[in-house]
Amino acid sequence: MGLDYVELILAIEEEFGVDIPDHDAEKMVTVGVIYEWLKIRIATTEPVACLTQRVFYKLRKALIENYRLERHLIAPDTRLTDLLTLDEIEEGWPFLQMFIDLKTPPFKVANEFLGFRLTDQSLTMRELVESLIMINGRDLAPQRESEQEIWNRLVRVFVRQLNVRPEEVVPSASITRDLGIV
């Protein structure tokens, strides 16, 4: 697998909040194969787990974009203060709120987030995700996506990652031959 292909798989994982095992990724040679895999995976994923994953991926993406952190540093048990100083967190908090696109309390309130206090032993990503789910409960209610919604999101990932036109992203398109992934 080339770097472009790995980046595509990572983008799909981020978009859909799923982990694609290497042995499955190796078989994903057309857009249609990826789409079918996603339909099955999304249909068989427990909505609560899916919600937790979705919020974690959203939070991780926001941390990466806002604070320029490396993806591999952010895991569920990572403490926020292992990644950033309290000053960096406070300074970037308004921007994090925009990137995450979820309701979050202002930093001063967040500093005592649901009984937690941001100190050297602050929240783990897992605890932060759980808090965000509680705050955004109704807005995040797990819902099954239609096949068309899954397809549309997948097409957007291909367009964004590969700089191709949406009409080029068809089920039969070979990722390497037709869409130019190396």
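Computed from a predicted model, the values in this text were never measured in an experiment.
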How would you list, by chain and number, every residue that makes a salt bridge (Lys or Arg N to Asp or Glu O under 4.0 Å) with [X], sequence neighbours excluded?
X	result
Arg160	Glu15
Asp77	Arg126
Arg71	Glu13, Glu14

Going by side-chain contact (heavy atoms from CB on, under 4.5 Å), Arg60 matches just one of Leu73, Ile100, Ile74, Val129. Which one?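 Of the listed options, the one satisfying the test is Ile74.
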Please examine the side chains of [Y] and [X], heavy atoms only from C-beta on, and report whether any two atoms are closer than 4.5 Å.
X	Y	answer
Glu7	Asp4	yes
Val31	Val155	no
Thr81	Ile89	yes
Phe56	Ile133	no
Arg153	Leu38	no

Determine, stepwise, if the pair Leu63 / Leu96 fulfils side-chain contact (heavy atoms from CB on, under 4.5 Å). CA-CA 7 Å; Leu63 288 168; Leu96 180 68; 3.9 Å; yes
Any ring-ring contact (aromatic ring centres under 6.0 Å, His included) involving residues 149-182? Give me the pairs, sequence neighbours left out, ordered by first then second residue.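 Matches after skipping sequence neighbours: Tyr35-Trp151.
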Checking the side chain of Asn136 only, and the main-chain atoms of Leu132 only, is there a donor and an acceptor separated by less than 3.5 Å?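 Yes; at least one donor-acceptor contact below 3.5 Å.
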Look at atom CD of Glu88 and say whether more than 12 heavy atoms of other residues, nucleotides or ligands are closer to it than 6.0 Å.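 Correct, the count exceeds 12.
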N/O donor-acceptor pairs under 3.5 Å from side chains in residues 175-182, not counting sequence neighbours:
unit_1: Thr176; atom_1: OG1; unit_2: Ser174; atom_2: OG; d: 3.4
unit_1: Asp178; atom_1: OD2; unit_2: Ser174; atom_2: N; d: 2.7

Go through Leu80 and Met125 one step at a time and tell me if the side-chain contact (heavy atoms from CB on, under 4.5 Å) criterion holds. CA-CA 7 Å; Leu80 192 55; Met125 294 288 93; 3.6 Å; yes
Of the non-hydrogen atoms in Asn66 and Gly92, which two are nearest, and what is the gap between them?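 In this case the closest contact between Asn66 and Gly92 is ND2-O, 3.0 Å.
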Atom of Gln53, atom of Val18 and distance for their closest heavy-atom approach: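 Scanning both residues, the minimum pair turns out to be OE1-CA, 4.5 Å.
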Can you check side-chain contact (heavy atoms from CB on, under 4.5 Å) on Leu128 and Val55, steps first, answer last? CA-CA 10 Å; Leu128 187 52; Val55 173; over 6 Å; no
To the nearest 0.5 Å, tell me how far Leu154 CG sits from Arg156 CZ.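 Taking CG in Leu154 and CZ in Arg156, the distance rounds to 10.0 Å.
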From CG (Asp24) to CD (Glu26), nearest 0.5 Å: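 Here the rounded value is 9.0 Å.
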Applying ring pair (Phe, Tyr, Trp, His ring centres under 6.0 Å), name anything that partners Phe16, two or more places apart in sequence or on another chain.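 Here no residue qualifies.
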Take Ile20 and Ile34 through the side-chain contact (heavy atoms from CB on, under 4.5 Å) test and state the conclusion after the steps. CA-CA 10 Å; Ile20 301 174; Ile34 296 174; 5.7 Å; no
